[in-house]
Protein chains: 2
Amino acid sequence: MRLSTRAQYAVRAMVDLSLHSGGRPVALRDIAEREDIPLNYLEQLFNRLRRGRIVESVRGPGGGYLLARESAAIRVGEIVATVEEPLTPVSCMDEKKGGCTRPEACTTHNVWQMLGERIRGFLDSITLEDLTREARRRGSTE
Amino acid sequence: MRLSTRAQYAVRAMVDLSLHSGGRPVALRDIAEREDIPLNYLEQLFNRLRRGRIVESVRGPGGGYLLARESAAIRVGEIVATVEEPLTPVSCMDEKKGGCTRPEACTTHNVWQMLGERIRGFLDSITLEDLTREARRRGSTE
DNA sequence: CTATAGTTGACAGAAATTGTAGGGTATGAT
DNA sequence: ATCATACCCTACAATTTCTGTCAACTATAG
């Protein structure tokens, strides 16, 4: 039950982006350096985030990435789900197998199903704005 | 964010054990067959469960495993935590690293911390008795 | 036309998970 | 006693997933 570093990187990078973009594109190179994330790896993550319509890209010199919408409209759950693909705790919930021949199987599946809903529900209750505000607060007090 | 099959196996096996034990030990061989879990693998899991004081073993012929206490006193969260070792979403929460030099890092860490609490809280709210009752209900109606 | 910075796919290394093998040890039954 | 059962334990092989790297390509500002 461990979150991939992919997801952790993605959220940290998004907070960084939100903090440092004043409406202007932020280059991955800068984010990678500040957050100590391998640049090439970060590129892959932002490709997914772009396809997930969470960020927009600007190519060419002076380019970089922008939030696709205001930070209050971006939920952490989205970010995680986008880079992490399936946010379901067990495999047999994505693809349909014949499974569930055993009566206990279904019972436990219900548990995992509900667990997944709880996880998504919690992560969706937090916005990028929340994190950004908190990060700014911490940054200023210290 | 995926639960290991270890954890899924463990919970299923515990439900099976609870269903089939009438105060008498149940052999892993039987559980493995009914649940279609590799026997050797199941043995490893039950070693952990025994060390976690969730089950007790009876050796020799006619032996097997028993619940260490009534099923209402065994929570799913315990079972999962016992076989899954750390139930924390991110690595840097177990071992202490210097981390958290970046202000955003701490912010996101809070999120993972709270997520972990939610997960544990949910899984601890369900007892083995709940699952057993539900499994029996399903089994009888079909 | 050149440097910048995103876009993409392939792939290598590392780590964790999952499963297998093979021996040991306690115990009930014959 | 001895034998079969079934737990106990360790090491390791196979597999998968995750993490990270590389190289080549495309768009664009200056």
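What you see is a predicted model, and the numbers here were worked out from it, not measured in a lab. Side chains are part of it too, since the values below use all heavy atoms of this structure and drop only hydrogens, waters and symmetry mates. Chain letters run A, B, ... following the sequence lines, proteins first, then strands; residues in each count from 1.
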Chemist: Going by side-chain contact (heavy atoms from CB on, under 4.5 Å), name the residues that satisfy it together with B:Asp36, two or more places apart in sequence or in a different chain.
Modeler: A:Arg102
Chemist: How would you list, by chain and number, every residue that makes a side chain to side chain donor-acceptor pair (under 3.5 Å) with B:Arg29, sequence neighbours excluded?
Modeler: none
Chemist: Please round to the nearest 0.5 Å and tell me the distance separating atom CD of B:Glu35 and atom CG of B:Leu17.
Modeler: 10.5 Å
Chemist: Just to be sure I understand the geometry, which residues of residues 55-65 of chain A put a non-hydrogen atom under 4.0 Å away from DNA chain C?
Modeler: A:Ser57, A:Val58, A:Arg59, A:Gly60, A:Pro61, A:Gly62, A:Gly63, A:Gly64, A:Tyr65
Chemist: Find the distance B:Arg29:CZ to D:dC8:P and express it as a whole number of Å.
Modeler: 17 Å
Chemist: For A:Ala7, which residues count as a side-chain contact (heavy atoms from CB on, under 4.5 Å) partner, sequence neighbours excluded?
Modeler: A:Leu3, A:Ser4, A:Val80, A:Val83, A:Glu84
Chemist: Quick one: list whatever passes side chain to side chain donor-acceptor pair (under 3.5 Å) with A:Thr132, sequence neighbours left out.
Modeler: A:Ser18
Chemist: Name all residues meeting the side-chain contact (heavy atoms from CB on, under 4.5 Å) criterion together with B:Asn40; count only those two or more places apart in sequence or in a different chain, and write none if there are none.
Modeler: B:Glu43
Chemist: Apply side chain to side chain donor-acceptor pair (under 3.5 Å) to the pair A:Asp130 and A:Thr127, showing each step before the final yes or no.
Modeler: CA-CA 5 Å; A:Asp130 296 331; A:Thr127 70; 3.2 Å; yes
Chemist: Might you list the N or O atoms of the protein lying below 3.5 Å from N or O atoms in nucleotides 9-11 of chain D, with each pair's distance?
Modeler:
unit_1 : atom_1 : unit_2  : atom_2 : d
D:dC9  : OP2    : B:Arg50 : NH2    : 2.7
D:dC9  : N4     : B:Glu43 : OE1    : 3.4

Chemist: Find the distance between CE (A:Met14) and CD1 (A:Ile54) and round it off to the nearest 0.5 Å.
Modeler: 6.0 Å
Chemist: Quick one: list whatever passes side chain to side chain donor-acceptor pair (under 3.5 Å) with B:Arg50, sequence neighbours left out.
Modeler: B:Asn47
Chemist: Could you state the CD-P distance from B:Glu33 to D:dT5, rounded to the nearest angstrom?
Modeler: 14 Å
Chemist: Is the shortest side-chain N/O distance from A:Ser4 to OP1 or OP2 of D:dC18 below 4.0 Å?
Modeler: no
Chemist: Does any N or O in the side chain of A:Arg34 come within less than 3.5 Å of the main-chain N or O of A:Asp16, such that one atom is a donor and the other an acceptor?
Modeler: no
Chemist: Could you state the atom-to-atom distance from OH of B:Tyr41 to P of D:dC12 in whole Å?
Modeler: 18 Å
Chemist: Reading DNA chain C in the 5' to 3' direction, which nucleotide is the first one with an atom under 4.0 Å from a heavy atom of chain A, and which is the last?
Modeler: C:dA3 to C:dA10
Chemist: Measure the distance from CG on B:Asp30 to C1' on D:dT5 and round it to the nearest whole Å.
Modeler: 12 Å
Chemist: Output all residues satisfying salt bridge (Lys or Arg N to Asp or Glu O under 4.0 Å) with B:Glu33, sequence neighbours left out; order by chain, then residue number.
Modeler: none
Chemist: Just how large is the angle between the end axes of the helix from C:dC1-D:dG30 to C:dT30-D:dA1, five pairs per end, to 10 degrees?
Modeler: 0°
Chemist: Whole angstroms only, please: what is the CZ-P distance between A:Arg2 and D:dT17?
Modeler: 18 Å
Chemist: Between side-chain atoms of residues 58-74 of chain A and protein atoms elsewhere (two or more places apart, or another chain), which donor-acceptor pairs fall under 3.5 Å?
Modeler:
unit_1  : atom_1 : unit_2  : atom_2 : d
A:Arg69 : NE     : A:Ala73 : O      : 3.1
A:Arg69 : NH1    : A:Arg53 : O      : 2.8
A:Arg69 : NH2    : A:Glu78 : OE1    : 3.0
A:Arg69 : NH2    : A:Glu78 : OE2    : 2.3

Chemist: Are B:Glu134 and B:Arg137 within salt-bridge range, i.e. N to O under 4.0 Å?
Modeler: yes
Chemist: Can you tell me how far C1' of D:dC22 sits from CG of A:Leu39, to the nearest Å?
Modeler: 12 Å
Chemist: I need the CD-P distance between A:Glu84 and D:dC18, as an integer number of Å.
Modeler: 7 Å
Chemist: Whole angstroms only, please: what is the OH-C1' distance between A:Tyr9 and D:dT21?
Modeler: 13 Å
